[in-house]
Structure formats: C-alpha cells, structure tokens
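Computed from a predicted model, the values in this text were never measured in an experiment.
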Amino acid sequence: MLAKIGDVEVWRILESDGPLMPVARFFPTLTAEALEANRAAAGESIAHDPAAREDWVRLPVQAFLLRTPRRLILVDACVGNHKTVPHLPQWHDRRDGRFLAGLAAAGASAGDVDLVLCTHLHVDHVGWTTSLDGDRWVPTFPNARVLASAEDLAMAEARAAQDPDGAAGHVHRQTLRPLQEAGRLETLPLAQAGDVSLDPSIRLTPTPGHTPGHLSVVIRAPQGPGAAVTGDLIHSPIQCALPDLCPIVDADAATASATRRAFMEESADSGRLNFATHFPLPSVGRFRRDGEAFAWDDAF
C-alpha cells in the first residue's frame, strides 16, 4: 500500500517508468537557459542522454487503485497491451503482465474493480480498460463502469474522425468504441463533476486545460487536508518552478497554466498530499509556495 487517507487505501499500479521523448519535443518553449536554471527542480524527470547528446523527459506510467470500505476504484488505466501507438515505440504493442501483476499485488483482480475513473482519454490513461480477446477488444474489468468527462469524449471522437489512422483513431477503435458497444462507458459534463462523489470519501474536481474535460480526484480525510490524484494537470516537477510551462500535449495552454497554478496554490495552502501521476517515483508529495512559483517535496 502506498498510503492511507482516512479509510481509503491508495495503491500504486505501475506499468512502466522510463524516458519518453526529448525535452525539446515535450516542452517546446523551454529554453536551454531556463532548463539549466531549474534542473534541480526537475529532478529525475529530466535526464541527459550522453549518446543522443540531449535531455529527455522521463515519465512513469501508472494508475492508482483506491480501496474504500465500500468499493474499489481505479484512477486511470495506463497504456495496456497490444495497443497501437506508433509515434511512441515505448508504448506501442506492449506485451507484458506488469500492470495486472500490480493489481494482484494490491490484492485485487480485474473482476473486483467497481469503477474506472479516467482523468482524461489519452492512450496512457485508458489503455487497460480493454484487452484483446482473439481479434476483438473487450472490457478488461467485467464488473466496472468506465467514467470520463463528456467534453473529453467529444474531443476524442472529433479527433478520431479527423485522423482515423492517427493516435486518436487507434484509441477510439481499440478502446472507446468497444467500451461504448459493451455499454460500459459513461460520461458527465465537466460543469457537474464537482458535485459528483465516487464514494463518501472521494470526489471529482474539474481541472481543464490538458484536455477540455480533464478531471482530478480528491480524497477526503476525517481530519487534515486529505489528498488528490493530479492526473495530467502537471507532468514534471520543473513545472512547479515554471507554472506556465506547458508540454506539447496540453490542448489549451492558457487554461492549463491557470488550472495548474490554482491547483498548486490550493494544495500548498492546505497542506494536501498529492499523488502526481507522471512525477518521478515515489510520485507522492506536497506542493509548497516558493516566491511567485512553487516547489515539490517528496513525502517519503
């Protein structure tokens, strides 16, 4: 178990942890001078590759399993096996059992999961919601509904229609459409997300910008500030020092920056614990104010 917040157990389900892409590609507005000035803040999320003579972004791909006395909730579902991701060879056509083994290590099977909450519908957050059975994609979690925002589904469907052979097209064919056909995919408008409780101890909070309907998860505690699962509102600790720094994958940079800053302000002022999905392991810590920006402190 990673942590316990009130009566909610939080377990990490790690799929992979390694270099993703060059920094210049991931953070196209990050200058060499700004990177050097904030390399300490970036920590292990940015590493130099001597062979390639360039810096790479390193991101874990992980989900968080929330066990309450009443239900089992999986927040995000990583990349999955056999998924088509040609632009990222690290994620393309994976064939390993690490994710399901992590679920088993947490004392759960796929059939035990009641709900999969997808913070958004990018491939590394929805992949394991379906699995390949022969030549058919079927729900991995037979007793779970999959919940996401209506805005993100609309964007995913629009992008899939525009580029059926691109990344969004593959996600739609291999994941979203099979879930819809099985009657497993449910959506809610982002404006209503703040009123939704997944459990008495767990609620959603809208955090748009990375995608138009991005959601984060807040875990309440009987005493103290509780915790949150960030999803992709922030990708790297360097963004604490540079809150307006956006990766190329943020759909709306201005909204993403404002959301990120507001989230870190609230977290720093409350002392809330955070499970930062793509931060270097252990990916658990707190944001604190540092002048006009912020810093990240690992919890352990």
Side-chain angles (χ1 to χ4, degrees), residues 1-15 62-78 99-121 125-131 138-150 152-153 179-180 182-207 213-231 233 263 266-267 270-277 282-284 299:
M1 183 170 61
L2 192 59
K4 189 167 185 179
I5 312 299
D7 63 1
V8 180
E9 295 179 2
V10 183
W11 295 77
R12 179 202 318 284
I13 312 297
L14 182 67
E15 182 180 62
Q62 59 189 321
F64 294 99
L65 186 69
L66 310 183
R67 177 180 281 113
T68 83
R70 295 153 293 272
R71 61 193 321 195
L72 201 60
I73 300 169
L74 185 67
V75 180
D76 288 327
C78 301
F99 181 90
L100 294 179
L103 200 64
S109 69
D112 295 328
V113 177
D114 300 301
L115 173 69
V116 182
L117 184 280
C118 295
T119 59
H120 59 297
L121 298 177
H125 294 260
V126 300
W128 272 107
T129 58
T130 60
S131 299
V138 299
T140 303
F141 308 101
N143 300 312
R145 61 193 177 104
V146 179
L147 181 63
S149 73
D152 276 10
L153 180 60
L179 289 173
Q180 289 172 315
R184 297 288 180 170
L185 184 60
E186 299 180 14
T187 62
L188 74 161
L190 188 67
Q192 297 177 11
D195 299 323
V196 173
S197 291
L198 306 183
D199 183 88
S201 301
I202 301 171
R203 66 175 177 84
L204 299 177
T205 185
T207 47
H214 189 279
L215 299 166
S216 297
V217 179
V218 173
I219 306 170
R220 298 187 179 101
Q223 296 179 338
V229 181
T230 65
L233 71 86
F263 187 93
E266 179 184 358
S267 181
S270 68
R272 183 172 61 199
L273 190 68
N274 293 276
F275 301 96
T277 301
S283 319
V284 185

Open item on the list: Tell me whether R220 contacts the main-chain N or O of P200 through its side chain, where contact means a donor paired with an acceptor under 3.5 Å.
Closed with: yes
- [ ] Could you check L117 against V229 for side chain to side chain contact (heavy atoms under 4.5 Å, CB included), going step by step and ending with a plain yes or no?
- [x] CA-CA 11 Å; L117 184 280; V229 181; over 6 Å; no
Task: Results of side-chain contact (heavy atoms from CB on, under 4.5 Å) for R272 - residues two or more places apart only - done: V218, P225, A228, F263, E266, S267, S270, N274
Task: Rounded distance (nearest 0.5 Å) linking atom CG of L185 with atom SG of C118 - done: 8.0 Å
TODO: Going by the side chain to side chain contact (heavy atoms under 4.5 Å, CB included) test, name the single residue among V113, V116, L121 that passes it with V146.
DONE: V116
Task: Least distance between heavy atoms, G6 atom then P222 atom - done: CA-CD, 3.6 Å
Open item on the list: Once side-chain contact (heavy atoms from CB on, under 4.5 Å) is applied, do any residues pair with P282, and if so which ones, sequence neighbours excluded?
Closed with: R12, D298, F300
Open item on the list: Ignoring hydrogens, what is the shortest heavy-atom contact between L65 and A106? Give both atom names and the distance.
Closed with: CD2-CB, 3.8 Å
Task: Under the side-chain hydrogen bond (donor to acceptor under 3.5 Å, both in side chains) test, residues paired with D152 that sit two or more places apart - done: T211
Task: Spacing of I219 atom CD1 and R203 atom CZ [to the nearest 0.5 Å] - done: 11.0 Å
- [ ] State which residues pass ring-ring contact (aromatic ring centres under 6.0 Å, His included) with F275; sequence neighbours excluded, sorted by chain then number.
- [x] F64
Open item on the list: Tell me every residue that passes side-chain contact (heavy atoms from CB on, under 4.5 Å) with A63, counting only those two or more places apart in sequence or in another chain.
Closed with: I13, L74, C78, F99
- [ ] In sequence, state the C-alpha distance, the side-chain angles, and the governing distance for L66 and V217, and then conclude on side chain to side chain contact (heavy atoms under 4.5 Å, CB included).
- [x] CA-CA 10 Å; L66 310 183; V217 179; 4.2 Å; yes
- [ ] Look up atom OG1 in T207 and atom NE2 in H120, then write down how far apart they are to the nearest 0.5 Å.
- [x] 9.5 Å
Task: Residue pairs fulfilling side-chain hydrogen bond (donor to acceptor under 3.5 Å, both in side chains) with at least one residue in residues 185-197, sequence neighbours excluded - done: R145-E186
Open item on the list: Just so I know, are the side chains of V284 and V10 near enough to count as touching, which here means a heavy-atom distance under 4.5 Å?
Closed with: no
TODO: To the nearest 0.5 Å, tell me how far T230 OG1 sits from L215 CG.
DONE: 12.5 Å
Open item on the list: Going by the rule side-chain hydrogen bond (donor to acceptor under 3.5 Å, both in side chains), which residues pair with S149 if we only count those two or more places apart in sequence or in a different chain?
Closed with: none
- [ ] Side-chain contact test, heavy atoms from C-beta onward, threshold under 4.5 Å: evaluate it for T277 versus H125 and give yes or no.
- [x] yes
TODO: Go through the steps for V8 and S201 under the test side chain to side chain contact (heavy atoms under 4.5 Å, CB included), then give the verdict.
DONE: CA-CA 7 Å; V8 180; S201 301; 3.6 Å; yes
- [ ] Find the distance between CD1 (I73) and CG (L147) and round it off to the nearest 0.5 Å.
- [x] 10.0 Å
Task: Counterpart residues, side-chain hydrogen bond (donor to acceptor under 3.5 Å, both in side chains), relative to T119 (two or more places apart) - done: D76
- [ ] Please identify each residue that fulfils salt bridge (charged side-chain N to carboxylate O under 4.0 Å, His left out) with D7, with sequence neighbours left out.
- [x] R70
TODO: Identify, with sequence neighbours excluded, every residue that meets side-chain contact (heavy atoms from CB on, under 4.5 Å) alongside D112.
DONE: L72, A108, S109
Task: Side-chain donor/acceptor of R184 to backbone N/O of P142, under 3.5 Å - done: yes
- [ ] Looking only at non-hydrogen atoms, find the nearest pair between W128 and E15 and report the distance.
- [x] NE1-OE2, 3.0 Å
- [ ] For T140, enumerate each residue passing the side-chain hydrogen bond (donor to acceptor under 3.5 Å, both in side chains) test, keeping only those at least two apart in sequence or located in another chain.
- [x] S131
TODO: First locate atom CG of L198, then atom CG of L115, and finally report the distance between them rounded to the nearest 0.5 Å.
DONE: 5.5 Å
